[in-house]
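Chain letters run A, B, ... following the sequence lines, proteins first and then strands; every chain starts at 1.
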Amino acid sequence: MLDQKALRQDPESIAERLAYRGHDFDAGHYGALESQRRELQSRTESLQHERNERSRAIGQAKKAGEDIQPLLDEVASLGEALKAAEADLDAVQSSLREIHLGLPNLPHESVPPGDDESANIQIRRWGEPPEFDFRPRDHVELGEALGNGLDFAAGAKLSGSRFVVMRDGVARLHRALAQFMLDVHTVEHGYRETAVPYLVGEEALIGTGQLPKFAQDLFAIENFEPRLHLIPTAEVPLTNLAAGEIIDAEHLPLGYVSHTPCFRSEAGSYGRDTRGMIRQHQFDKVELVQLTRPDDSYAALERLTGHAEQILRRLGLSYRVVTLCGGDMGFAAAKTYDIEVWLPGQDAYREISSCSNTEAFQARRMQARWRNPDTGRPEPLHTLNGSALAVGRCLVAVLENYQQADGRVVIPEVLRPYMAGAEWLAP
RNA sequence: GGAGAGGUGGCAGAGUGGUCGAAUGCGGCGGACUUGAAAUCCGUUGAGUCCUCACGGGCUCCGGGGGUUCGAAUCCCUCCCUCUCCGCCA
């Protein structure tokens with residue numbers, strides 16, 4: 001949600017900034033609605049005021065033993081007028097709320113212009129793609145060769161396309177990756193390990209921005225009230241832990257890390273990444289969330305992105321970091337860095353992490369505030385989130401980058417303690 | 001799943017349908033006293049929103065939603081949550 005004061009004061013310049021990220025905002029229509037709201041609200045409130053005054057007078061008259069009938073007659077018509085005014089106001093306010101919940105965040109001034117990913121800017125690259133003196137295989141082939149360690153047919157048998165079954169060393173490697181990430185982020189980066197529900201209510205999804213606009217991307221639970229959805233990312237439960245809270249300044253920044261499965265319907269991506277486990281309906285992810293003071297959030301974004309990069313460095317996987325352009329950013333983000341890891345099977349860098357500063361956008365939606373010592377008042381804090389990392393894609397990266405000519409996969413040093421010391425996976 | 005109890009301000013805990021946004025205690029903040037601290041005393045201390053340049057004022061909020069009433073924390077309906085007991089269960 002955008003700052004409503006700014007929206008009211010200068011809808012034109014908001015529209016301009018939204019256009020930067022490809023969103024069309026009708027400032028004129030908004031202004032008209034807003035002035036309607038203003039008028040209806042003051043009318044309603046003055047009627048309420050009158051009702052309160054009269055009721056008070058009736059109370060006093062009754063206490064004094066006077067005849068209150070004449071007073072009752074006076075207010076007879078008030079009720080209906082109030083009810084009508086309230087109904088009108090409600091209608092306008094709910095259209096305004098619909099607009100507010102549907103507007104994406106404003107891009108930060110450092111966000112490059114552009115309509116799609118072709119306009120994203122690489123800001124650094126780390127490591128070199130490995131060179132093979134044989135034709136590198138992709139993870140689908142490798143996983144199959146490893147004793148059906150990755151079994152897409154089995155996944156499909158159980159649940160349809162975009163599901164996978166993992167076995168033996170591959171399953172363990174997947175687990176080892178998640179454990180390793182959690183250990184680094186808790187012990188070295190200071191995040192608080194947090195286990196969260198995988199089903200969340202609609203309020204939480206509105207809070208982080210998945211609802212009301214992106215319901216089609218979520219899995220919903222049918223036979224349960226109130227309505228629950230499977231989390232598309234741990235960002236939803238983790239960030240919403242702050243919903244409705246007022247946090248003391250000295251507790252900030254707060255950092256949470258959580259390893260969860262994530263569930264996405266992938267509606268509208270039917271043709272994309274159909275092979276392998278790049279795009280699944282269910283995948284594991286280790287997620288970082290930070291709550292910060294507003295003046296610290298961009299420094300925090302750099303730190304958080306660095307935490308995600310640290311995992312790839314220790315795994316010895318080449319990657320690059322790109323700044324997303326205005327048109328490629330997610331709904332809630334003011335600025336996003338994507339981290340892309342080298343995948344030999346695709347001969348390309350592919351997204352393995354996305355780190356965003358949403359500024360106060362989510363905080364306003366969920367009323368997550370801090371007490372600003374300068375003003376003494378509760379003000380929206382800033383929220384950030386980032387994958388660190390997507391575990392499934394990371395597994396793909398390890399398999400493909402560490403493959404040998406004979407089909408074995410070398411296990412990166414840092415993972416061996418989690419693999420009972422094993423040095424490789426063998427077919 | 002069955003039976004019962006309850007959800008009020010940071011916490012604890014009152015609240016006959018009528019100046020109740022809410023007593024009181026604790027906590028917090030400010031001040032007095034003190035060499036300092038404790039103790040004591042005095043004052044202060046919820047959130048949201050609207051109008052206003054401001055001063056200030058209005059409105060809303062006692063788990064959520066709806067209703068009755070001139071007027072609801074208080075009455076009615078409904079949903080949610082918590083606790084106790086029984087059953088079932090990883």
Partner of G10(B) under the Watson-Crick or G-U wobble criteria, both distances under 3.5 Å, comes out as C26(B)

Contacts satisfying side-chain hydrogen bond (donor to acceptor under 3.5 Å, both in side chains) that involve residues 380-389 of chain A (not counting sequence neighbours) are Glu235(A)-Asn385(A), Ser297(A)-His382(A), Thr358(A)-Thr383(A), Gln362(A)-Thr383(A)

Check: Near Glu203(A) CD, under 6.0 Å, is it more than 12 heavy atoms from other residues, nucleotides or ligands?
Finding: no

### Query
Regarding Tyr191(A) and Gln290(A), is there a side-chain donor-to-acceptor distance under 3.5 Å anywhere?
yes

Closest to the 5' end of RNA chain B, once Pro378(A) and Gly59(A) are matched to their nearest nucleotides, is Gly59(A)

query = Distance between the P atoms of U16(B) and C20(B), in whole angstroms?
reply = 14 Å

Can you tell me how far P in G6(B) sits from the matching atom in C77(B), rounded to whole Å? 15 Å

Determine the Euclidean distance between corresponding C1' atoms of G46(B) and C41(B); express it in Å to zero decimal places.
26 Å

Residue pair Gln60(A)/Arg38(A) against RNA chain B: nearer the 5' end by closest nucleotide is Gln60(A)

As its Watson-Crick or G-U partner within any shown strand, both distances under 3.5 Å, G21(B) has none

Item checked: Test: Lys83(A) and Glu80(A) ion pair at under 4.0 Å -> no

Contacts of Tyr402(A) meeting ring pair (Phe, Tyr, Trp, His ring centres under 6.0 Å) (sequence neighbours excluded), chain-then-number -> none

Check your understanding: If you measure from the C1' atom in A90(B) to the same atom in U84(B), how many Å do you get, rounded?
Key -> 23 Å

Hits for side chain to side chain contact (heavy atoms under 4.5 Å, CB included) against Asp115(A), two or more places apart or cross-chain, chain-then-number order -> none

Residues of residues 39-54 of chain A with a heavy atom under 4.0 Å from any atom of RNA chain B, listed by number, are Gln41(A), Glu45(A), Gln48(A), His49(A), Arg51(A), Asn52(A)

Mate of U74(B) across any strand shown (Watson-Crick or G-U wobble, both atom pairs under 3.5 Å) is none

Judged by atom type as modelled, is there a donor-acceptor pair below 3.5 Å linking the side chain of His174(A) to the main-chain atoms of Val391(A)?
no

Item checked: Integer angstrom distance from the P of G63(B) to that of A12(B) -> 14 Å

Other residues, nucleotides, ligands: >12 heavy atoms within 6.0 Å of Arg227(A) CZ
yes

Applying the 3.5 Å cut-off to both distances, the Watson-Crick or G-U partner of A5(B) turns out to be U82(B)

Exercise for review: Rounded to whole angstrom, note down the P distance from C80(B) over to G28(B).
Suggested key: 39 Å

Roughly how many Å apart are G25(B) and G13(B), using the P atom of each and rounding to a whole number? 16 Å

Pairwise C1' distance, C76(B) and U68(B) [rounded to whole Å] = 7 Å

Those residues at least two apart in sequence (or on a different chain) that pass side-chain hydrogen bond (donor to acceptor under 3.5 Å, both in side chains) with Arg303(A) are Asp296(A)

Note: chain A reaches RNA chain B at heavy-atom distances under 4.0 Å over the stretch, first to last nt, 5' to 3', of G18(B) to G71(B)

